[in-house]
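Here the structure is laid out as structure tokens; the discussion comes afterwards.
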Amino acid sequence: MNLNSNINIATSLNPSPCLPLLSPPTCPSSSPSSLISSLKTSKTLRDLHQLHALAIKTGLFGDPLVAAEVLRSSVLSEHRDLRYGRRVFDQMPEPNCFSWNTLIRAYSESDGGHPSESLLLFSRMLLCETARPNRYTFPSVLKACARAEAIQEGKQVHGQVIKLGWDDDAFVLTNSVRMYACCGFMEDARKLVEKSSLSPESESSVVLHNIVIDGYFRLGMVEEARQVFDRMANKSVISWNGMISKFAQTGYFKEAICVFRKMQLEGVKHNYVTLVSVLPAISRLGALELGEWVHAYAEKNVIEMDDVLGSALVDMYSKCGNIDKAVQVFEGLPKRNPITWSTMIGGLALHGRAGEALDYFQRMEKAGVVPSDVVFIGVLNACSHAGLVDEGRSYFNRMVNIYQLSPRIEHYGCMVDMLGRAGLLEEAEELVVNMPVKPDDVIYKAFLAACKKHGDAEIGMRVAKCFMELVSHDGDSYVLLSNLCASLGEWDTVAKLRLTMKELEVRKDPGCSWITIDGMIHEFVVEDYTHPRTKEIYLMLEEMAVKLQEAGYVPDTAQVLLNIEEEKKESTLFYHSEKIAIAFGLISTSSGTTLHIVKNLRICGDCHSSIKLISKVYGRRIIVRDRSRFHHFEDGVCSCNDYW
DNA sequence: TTAGGGTTAG
């Protein structure tokens, strides 16, 4: 869009506004100042309409200050109505500068894709002789450019800023930097910051640096963002919160927690946003102790427990293995929204507590909350993990027919997984082939895992062909497929697959498990020898092997799908990362302590049966979160009833 | 009339 192009706003808008002409119930005295103060305190759209009518009736609308306040109340109050405000503006014979700024700002902040409207108005304002852009005009126009990521227009506006001499104004500067940062022009953004005469300790300088950091994160330039943060002479709580939330949102969970700890060490008080920002990182890492600390901190510091912080806590307790506590937090919340319900239902599903997940879904419906498509992902996931195939089909149909929600690939993913786990491979295949969205890696992975579980290579290979055509770069799917072939002894195909992976530079995520002891996260990969207590860990693993064999453990070497000697297979199995993490947990905690393990991949069959025995032999509850769900091992039994 | 937040198939 070119700001200098001719724009005929008048023809594009409703020229005959219907303005109400009611008498207000309580008629304020008709002086400009009392009308303005009534407008400022008006609470509803109805009040506003009546005061507007009064202004017209008494002729006071002709007073530019009154008209400006009618406009401001229309578009920037809590009960804003942009279309109404636009009609008010178009009625003004000669809007003053304040009114232009008000409407430009309202468009730049609105959600309905209106930033371009802001720019159109600004270009009209430039041609207007009675109102010149001022220091209040530019922040909004620049914000509109930033939101539309319109660099060409942004540069033109910035040109006007310099021409009219507003470039030293703190608000204008902030928004100029933000405009460049949002458009990805970090060089320009940084130049402006460096050129500014602000003291590095000043509040404005902190804001500018926060914006630059945000810009680097948008571009995925995490290291640059971190460097700017580390070098800041002064940091506000918003700077710290920004780093935590951006790290967590980009998958840098450990880094998010690290910043959170550093903030604490430097004596910066956490606030509500800090907690909401760090909790998702804690959830993903399964760092229960830290999560509990955050919960206690919120209570001790009387941080408001609303639906948002409540959802984050429910999610944290669910993903960190304490589902009962998640339920307790949920039940204690003063307010719940659709996300809170989704989080609770998804959490119960993750723990295999399908019956309760479905009960909560019913409660949600009874409470009058309209189910979102996300909550159905939780419901279908619950059915899938509990083998409730008929219920799953029925909920899928209800979602489509009663709630009129279009199934997304995630819903099909749940259905394929559900049918596959239950051994209904042909029905699952039919769904993969006929579903209206293109199957992705995840769908194939669920399907291939089901074929492997049920030993059906024929269907597996048929679908595998489609998967190969995807030219996927997802390492896990290749490994799954090659494992499927390996379980059939098809070593030639395995070799071919490995070669394809090499050619496409596909890498598999290495299996990795972690355990938190005294607030420290300890990470282990398969056959890991890097931990400072490696010697003790491996002595423990040897002891475990002996005790398990005494208890009747037979290694399930069919799980090791490499073409290697049986004996080597046995040792490979015993050094899987989750077993190493458990050995470390056993030597680092007192007897009877529950162990919480998180694994990035799905737990293998041999580990699953070993951990059942370990829980019995060592008298420990062991809670393992793998890629798809929780397993609660106790006294030789797992909560998943071996259906996973 | 500048900056910050929660759920989602394997």
Side-chain angles (χ1 to χ4, degrees), chain A residues 72 76 98 101-102 104-106 108-109 134-140 142-143 146 169-178 181 203-204 206-214 236-246 248-249 271-280 283 306-316 318-319 337-347 349 372-381 384-385 407-418 420-421 439-450 474 476-477 480 601-602 626-629 644:
Chain A
R72 200 204 58 80
L76 295 177
F98 185 95
N101 292 346
T102 301
I104 289 174
R105 179 179 158 212
S108 75
E109 289 176 356
N134 63 12
R135 55 194 291 234
Y136 297 116
T137 319
F138 287 107
S140 299
L142 289 161
K143 192 189 268 182
D169 180 87
F171 291 102
V172 177
L173 176 62
T174 303
N175 282 288
S176 304
V177 171
R178 191 165 59 164
E203 208 184 314
S204 294
V206 173
V207 173
L208 288 186
H209 284 87
N210 291 348
I211 295 170
V212 169
I213 290 172
D214 186 65
S236 68
V237 66
I238 294 172
S239 319
W240 289 96
N241 290 350
M243 287 301 284
I244 294 170
S245 64
K246 292 294 175 316
Q249 282 162 13
N271 66 12
Y272 171 86
V273 178
T274 319
L275 306 191
V276 176
S277 305
V278 78
L279 280 167
S283 301
D306 64 359
D307 45 348
V308 176
L309 182 54
S311 303
L313 277 173
V314 169
D315 187 52
M316 181 279 292
S318 302
K319 294 217 173 85
N337 64 27
I339 294 182
T340 326
W341 285 98
S342 292
T343 308
M344 187 69 262
I345 292 168
S372 66
D373 53 355
V374 177
V375 80
F376 277 102
I377 296 173
V379 168
L380 295 176
N381 201 15
S384 170
H385 285 286
R408 300 203 320 245
I409 194 144
E410 289 90 340
H411 300 99
Y412 287 109
C414 293
M415 292 303 282
V416 170
D417 188 51
M418 180 184 80
R421 279 171 199 271
D440 63 358
D441 284 315
V442 180
I443 300 267
Y444 283 118
K445 223 184 292 182
F447 188 78
L448 293 172
D474 176 71
D476 293 343
S477 312
L480 202 50
L601 306 177
R602 259 167 93 167
D626 76 1
R627 180 173 270 206
S628 68
R629 62 165 296 153
W644 85 93

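Bear in mind the structure is a predicted one, so any value in this text is a computation, not a measurement.
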Write down the distance between [atom1] ([X]) and [atom2] ([N]), rounded to a whole number of angstrom.
X       : N       : atom1 : atom2 : result
I409(A) : dT8(B)  : CD1   : P     : 17 Å
D315(A) : dG5(B)  : CG    : C1'   : 13 Å
N210(A) : dG4(B)  : CG    : P     : 9 Å
L309(A) : dG4(B)  : CG    : P     : 19 Å
W341(A) : dG6(B)  : CH2   : P     : 22 Å
L380(A) : dG10(B) : CG    : P     : 11 Å
I213(A) : dG4(B)  : CD1   : C1'   : 12 Å
D307(A) : dG6(B)  : CG    : C1'   : 9 Å

Would you mind classifying the nucleic acid contact of [X] as base, sugar-phosphate or nothing, using non-hydrogen atoms under 4.0 angstrom?
X       : value
D214(A) : nothing
E109(A) : nothing
N381(A) : sugar-phosphate
P338(A) : nothing
L208(A) : nothing
I238(A) : base
V273(A) : base
T340(A) : base
D373(A) : nothing
T343(A) : sugar-phosphate
N271(A) : base

Is a donor-acceptor contact shorter than 3.5 angstrom present between the side chain of [X] and the base of [N]?
X       : N       : answer
D441(A) : dA9(B)  : no
S628(A) : dG10(B) : no
Y272(A) : dG4(B)  : no
R408(A) : dT8(B)  : yes
N241(A) : dG5(B)  : no

Closest approach of [X] and [Y], non-hydrogen atoms and distance?
X       : Y       : value
R135(A) : D169(A) : NE-OD1, 2.9 Å
Y412(A) : I443(A) : C-CD1, 3.9 Å
T174(A) : L208(A) : CA-CD2, 3.6 Å

Of the options [options], whose atoms approach the side-chain atoms of [X] most closely?
X       : options                 : result
H385(A) : dG6(B), dG10(B), dT7(B) : dG10(B)
R421(A) : dG6(B), dG10(B), dT8(B) : dG10(B)
R105(A) : dA9(B), dG4(B), dT1(B)  : dT1(B)
S236(A) : dT2(B), dG10(B), dA3(B) : dA3(B)
K319(A) : dA3(B), dA9(B), dT8(B)  : dT8(B)
A312(A) : dT7(B), dT2(B), dG6(B)  : dG6(B)
T174(A) : dG4(B), dG6(B), dT2(B)  : dT2(B)
F171(A) : dG6(B), dT2(B), dG5(B)  : dT2(B)
P280(A) : dT7(B), dA9(B), dG10(B) : dT7(B)

Could you tell me whether a side-chain N or O of [X] sits under 3.5 Å from a main-chain N or O of [Y], the two making a donor and an acceptor?
X       : Y       : answer
S311(A) : D307(A) : yes
N381(A) : S384(A) : no
H209(A) : V206(A) : no
N175(A) : F171(A) : yes

Under 4.0 angstrom between Q249(A) side-chain N/O and dG4(B) OP1 or OP2: no
Is_stacked (Y136(A), dT1(B)) at 5.5 Å, 30 deg: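 Aromatic stack with dT1(B) present for Y136(A).
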M344(A) side chain near T340(A) side chain, heavy-atom distance below 4.5 Å: no
